Structure formats: C-alpha cells, structure tokens
Amino acid sequence: MSSQSLYKVPSDIANNALVNNDQYKKMYQESIVNPEGFWREHGKRIDWIKPYTKIKKTSFDDHNLSINWFYDGTLNASANCLDRHLEEYGDKLAIIWEGDDANEQRKLTYAELHNEVCKFANALRSQGVNKGDIVTIYMPMVPEAAVAMLACARIGAVHSVVFGGFSPDSIAARVIDGKSKVLITADEGVRAGRKIPLKRSVDEAISNPDVTCVEKVIVFKRTGGDVDWVEGRDVWWHSLMEVASEYCIPAEMNAEDPLFLLYTSGSTGNPKGVLHTTGGYMVYASMTHEYVFDYKADEVYWCTADVGWITGHSYMVYGPFANAATVLIHEGVPNHPTPARLGEMIDRHNVNILYTAPTLIRALMAEGKEPFNSYKGDSLRIMGSVGEPINPEAWRWYHEVVGHANCPIVDTWWQTETGGILISPLPGATDTKPGSATRPFFGVQPALVDNMGDLVEGTGEGNLVILDSWPGQMRTVFGDHDRFALTYFKTFRGMYFTGDGARRDEDGYYWITGRVDDVINVSGHRLGTAEVESALVSHELVAEAAVVGYPHDIKGQGIYAYVTLTRGVEPTEELRQELRQWVRKEIGALATPDLIQWASGLPKTRSGKIMRRFLRKIAANEVTNLGDSSTLADPAVIDTLIEYRLNKT
Ligand code: WT7
C-alpha cells in the first residue's frame, strides 16, 4: 500500500471530533477486554424506564444460541427518539422533507413529530393494533413513513416495512409470515417524476387467497390519485388523525421485546424475517450514528437510503432521532431530474453529513463533473458510503467532487442482520484508504477464517466472521430459530458468519471483497440468486434457470440468468423481454435480469448440483482460465456456454 493512498484525518476534524485515534484505541481495547463494563456505561446513552442491571448474556454455540443485552431493563424506543428531546429540542427541526418535485418542501420540529406520532399511535390502537402485533408498512418516502414506524414502537407493535419497489407477491409473502392484521400504505408514491401505485399493489397482495389475516388498510393520501376502496377494510390516514387524541403514554417494553422485522434475502429459500429487539438495538444504532458520523447537535444529516432497507431504519429513523438530529428526507432519487440534484440539495439545506451508496456515486461519475459546476458544498463535513464495496475510483471521485477533498469518507460495512455499523473509519480517528472499511467499531471482534474454519492471523484473506455479540445484533429469524442457527452459526462453529469475504492488510484494515455465498448485491440491494431462479422457473416456458452476479459499471453487480427453455420452445428476443418482465412482476424491479443467456444445458456435477463457479466466470467474460471441469457430468456444456457468450451477448 503506497503512502499516496492514505488519506490522513484532517486536523480540524481530529481536534473537534468525538474521538481521535488515541481515544479510539483506548476505547476499543476497553470494549474488548471488559465488554460488561464498557456497555454498562454506554447503555446509559438511552433513557430507560427501569434501568438495567444485567448487561450481556450471549452464546454463539449453535446448540445453545442466546443473545441478550441489557435484558432486565425496560424502555420505549419512540420515547427515546422524541419525548426525551422535547424540553431542549422541541423547536428543533426533526425532519426536513423535500419532495420528488423540489418545489414541495415540509418541515417538522421534534414537538410536531412527537404530536403526529402520539396521534397515529392512538389511531393504530383504534384499529385494533395491540402490543406484540406485527404491522406491515408499505410507504413512499414521506415523513409519515417514519411516523408510522415510531407510532408502532410507541405502543409496542412490531413493524415490518416492505420496500415500495417490491411486488404484490412479495408483500403477500411478508404479510402472511407476520400474520399482519393491519397494513399501512399510501395512495401513490412519487419517484423520478413517476407515480407508483402503492395502494393498488396492496390490494393485489391482499387478493391473494393465502392472505387471510388483513383486517384494516390505513391509506395515507399522498397524491390524491384514484384508488379502489374496500368499505370496512380501508381507512384514510387523515380521517383517523382528525379524531385521534394527542396524548399517548409510551408502552413499557423489555429490552428484549421485538422492535421490528425486516425481510432480507439469503442464499436459499424465501427472504427471512430478521428480528431486532429494543434495548440493544437502540443503544447500538444511536451510538454508531453519533460516533461514525461524528454527529454534532446543530447539524443537518442526510441519508439517501429508502426506509424499506435497514439503513433507512437505523440511520434515517432510530439512530438519528435518538440523537435529536435534523434529518433530511428526500422522496425521490438524488440524480433526478438531473445529476445536479444531489449538489443542489446539499446546498439548499446546508447538509453537513451525507450518507449514500456507491451505485449513486458511480451513476454521477458517469455524467462527469459538469453538473457540479455551480455546487458550493461548503456545508459538507462528513460523507458516508454503504451497501457494497466502493471501488477506489468512485471513492476518489466522491472525495474530490462532492467533498472538495476535505471531508473524511466513512465506508461503513454492516448488514441487515447486524442492526448497525460494525466496521468503519471514525472521522476524527481513522486515516482512510479508498476501498477499505478499515477498523471495527467498539465491541466488535471481526476475524478471518479459511474454509476449514481456522483463523487467519495477521495479513491475509478469508471468510469474515465476528467472534462475539454486539448489542445491535439480530436475535432470530422470525418463526424459524433453527434457520437462524443454521444460517449464521453452523458454517464456522461458535462464530457469526457474515457471508462476506475480506482481506486484512498490514495496518489491520479490513477490505470487504464481497459475498462468498449465493447472494448478489445489485445497486447495494441484496438478492438471493435462488429467488430469481425460482421466479424464472415459475414461467411455463422455462425448464431450468441458474442466476449469478456479474460486474456491472453502475450497479456493482448485474443479474445474469442462464435459462433452459422447455423442449421445443423457440428462444426469441420477445421471450427474453417477457422473462425479464416476468421476474420484475414476481419480485420487483430490482430483481429484473440484466442479461439472459439461453442455455441448452447447465454445468452440473454427477449428483446434479449446478456449478456456479463456472457460470460466474463465463458471465464475467473470464473464459480463458476456468479451472478444473473434470467433476462435471458433461464438460462439453461449458464449451457451448462459452461459445454462446462470446458470440451472442
Ligand atoms: C451486505 C449486506 C448495511 C446496509 C445496506 C446493505 C454488503 C454493505 C458494505 C461496505 C462492502 C458492503 C456486504 C454485506 N455491504 N456495506 N461498506 N463494503 N460491502 O445491507 O442488504 O443486509 O446487505 O452488503 O456484502 O454482507 P444488506
């Protein structure tokens, strides 16, 4: 690693930051040597109704899994995000909202947000929602999405947010799994100038005969567009709010009571419901938000993630609001209507901290620096990246063009399962290297193991595991604890397996190399190849399908599908488009295959297992060094696939 690639912490940042490098080292050491003492102290950053006396009871033994933090304490997450700020910050802005159309702007103070949340919490109760019920939220990026989440938390209901880009079938699967009685949605969302018919998707999801649990659908009026209405089932958000009382005592929840479910893709089967609980999650989300972004009380913080992903939960809602931050929420996409939008919004709202994804940076990069000609960017102090490895070119571009070469970049590595950031620079402490997520957060013990499960010491590469629990960790897969144990704790006994590969350099910095399982990462969104395959084979003309990721300039990874058609079916361009639309309809737009290659056969072992290793290489156009194909039932299949790849796509 040449010294040129090291970006030193700017001295003004180090001098004013929450922690400098010496403090980081000291605190990290303490957090590992004495986790009980460390978290006993830092757990106090949250207001507890009944203070905890117990700190940590955790075991990663797959036969005896247990993850408990602060477990005799009680608290309420919404009170921590709202009530406790009212005295000092009641008039401070909690939300600055900018519509897809920049002429639409809304602002809510902490007092106003508190009021909305209390009323909507009462509205939920009036619709029969009780403590422990799972409420499904399918909302556009409007302040009411956060209101709905915090209102659930206030009465102890468990929210399950479904990303607004997912299909009716995907909504149905999640509603069924959580047995949701109540669904919250909007008439339509607005993104990039287009209206998204959310209510229509919800109607379609509920029309699925397997969905029998839904009693009420609460509809927020965003656009006023036409919607179908089911009397007795559908109710307008505003009608409920007109009559709702403003007074709502936050429910007293145990630290280990569920806060929310969020479904995410794995390497096998359907998306799993990742369950997060209340106490440890709130401590961890708020602490990482404050330290990783070095958040200061008067700053404007903008996270471009959608509320449907974990980033939207931990770093748009729970973390920042617990820290009384002013959060900019954008309804649309930051490069629409023009690539200048991102810079315009930073200047318009004097954004101090920006948290976004490599895919956006690469999309902007492709447009050149022009759109940033009139961008000032002088408010910006810290910039974050999340969702996938950031390539050094994109990192540098982000640093120079958006950050004017004086804002530290925090490349934050974490997962839906981890609840919060596990590996990241701290702005005042960590010299950065483009492409490296650098060092672990307090209390986090990453390690690398080889495929046999033996620890890799010093510099080297391996499977990324975490050796001990941290407060924000998921507690179970909803309804399937065995799957939790199997997925995360069985591959490498006694360790949490992340599914990622990583390299550790001579400074102890981690470089995430990407997934080592059958999960692909498209524009920072996680997809199981098995899900896309199962969508493809559900089409009557498809006999078999195998899906892999391949390098894509903007998305990081694109979706490459090998499809074997039913005998006698003619492969046409029309059918190719039909299959792409089919997958889009089954799962959602983000799962649409980028490339479909017709395959008369797939490379399989004699026992019938598809050898994706070959398919990944062919998709990536790395066809010269494929490796040993002697274990294949029919090695000739490979030549046919390569020939097709070279000639047709
Ligand atoms: C997977 C988790 C964490 C919120 C967004 C995605 C990849 C995430 C980074 C990063 C390299 C990253 C990993 C991880 N990933 N952040 N900074 N550098 N890779 O959450 O959908 O649960 O996906 O995203 O592969 O396992 P998710």
Side-chain angles (χ1 to χ4, degrees), residues 161-163 165-166 260-267 271-276 284-285 288-289 292 303-319 355-362 383-392 394-395 398 409-425 430 432-441 444 446 463-466 472-474 477 487-488 491 496-503 509-529 531 549 555-557 588 590-591:
V161 181
V162 180
F163 171 57
F166 277 130
F260 65 85
L261 274 181
L262 188 60
Y263 287 79
T264 193
S265 299
S267 43
K272 39 186 183 282
V274 168
L275 184 102
H276 283 288
Y284 200 75
T288 46
H289 175 261
V292 172
C303 167
T304 65
D306 191 281
V307 71
W309 310 108
I310 188 70
T311 310
H313 285 55
S314 302
Y315 299 112
M316 210 176 64
V317 176
Y318 290 110
Y355 193 25
T356 191
T359 187
L360 174 75
I361 299 161
R362 289 190 299 263
M383 307 191 299
S385 171
V386 63
E388 53 172 313
I390 179 164
N391 46 312
W395 194 103
Y398 191 30
I409 295 181
V410 289
D411 175 3
T412 63
W413 176 85
W414 59 297
Q415 312 177 295
T416 305
E417 293 89 335
T418 70
I421 294 162
L422 294 198
I423 304 181
S424 170
T430 318
T432 52
K433 300 177 188 180
S436 173
T438 78
R439 305 186 292 196
F441 191 72
V444 176
N463 302 292
L464 180 64
V465 294
I466 312 291
Q473 185 171 23
M474 76 183 280
V477 170
T487 310
Y488 303 103
T491 321
Y496 168 81
F497 178 39
T498 63
D500 280 327
R503 181 165 69 78
Y509 279 23
Y510 286 87
W511 300 71
I512 311 299
T513 50
R515 301 291 303 199
V516 294
D517 54 9
D518 290 323
V519 169
I520 51 181
N521 191 322
V522 183
S523 305
H525 301 319
R526 201 162 133 177
L527 260 183
T529 51
E531 280 170 76
K555 300 181 184 183
Q557 282 191 300
L590 59 92

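Since the model is a prediction, treat every value here as computed from it, not as a measurement. Counting starts at 1 for both ligands and their atoms, in listed order. Below, all heavy atoms of this structure are taken into account, side chains as well, without hydrogens, waters or symmetry copies.
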With Tyr488, which residues qualify under ring pair (Phe, Tyr, Trp, His ring centres under 6.0 Å), at least two apart? Phe484, Tyr496

For Ala285 and Thr288, work out which heavy atoms get closest and say how close. O-OG1, 3.1 Å

Sorted by chain and number, sequence neighbours left out, salt bridge (Lys or Arg N to Asp or Glu O under 4.0 Å) with Glu417 holds for Arg526

With Asp517, which residues qualify under side-chain hydrogen bond (donor to acceptor under 3.5 Å, both in side chains), at least two apart? Arg515

Those protein residues which place at least one heavy atom below 4.0 Å from ligand 1: Ile310, Thr311, Val386, Gly387, Glu388, Pro389, Asp411, Thr412, Trp413, Trp414, Gln415, Thr416, Asp500, Ile512, Arg515, Asn521, Arg526

On a heavy-atom basis, which atom in Trp511 and which in Pro434 lie closest, and how many Å separate them? CZ3-O, 3.3 Å

Residue from Leu360, Asp411, Ile409 passing side chain to side chain contact (heavy atoms under 4.5 Å, CB included) with Tyr398: Ile409

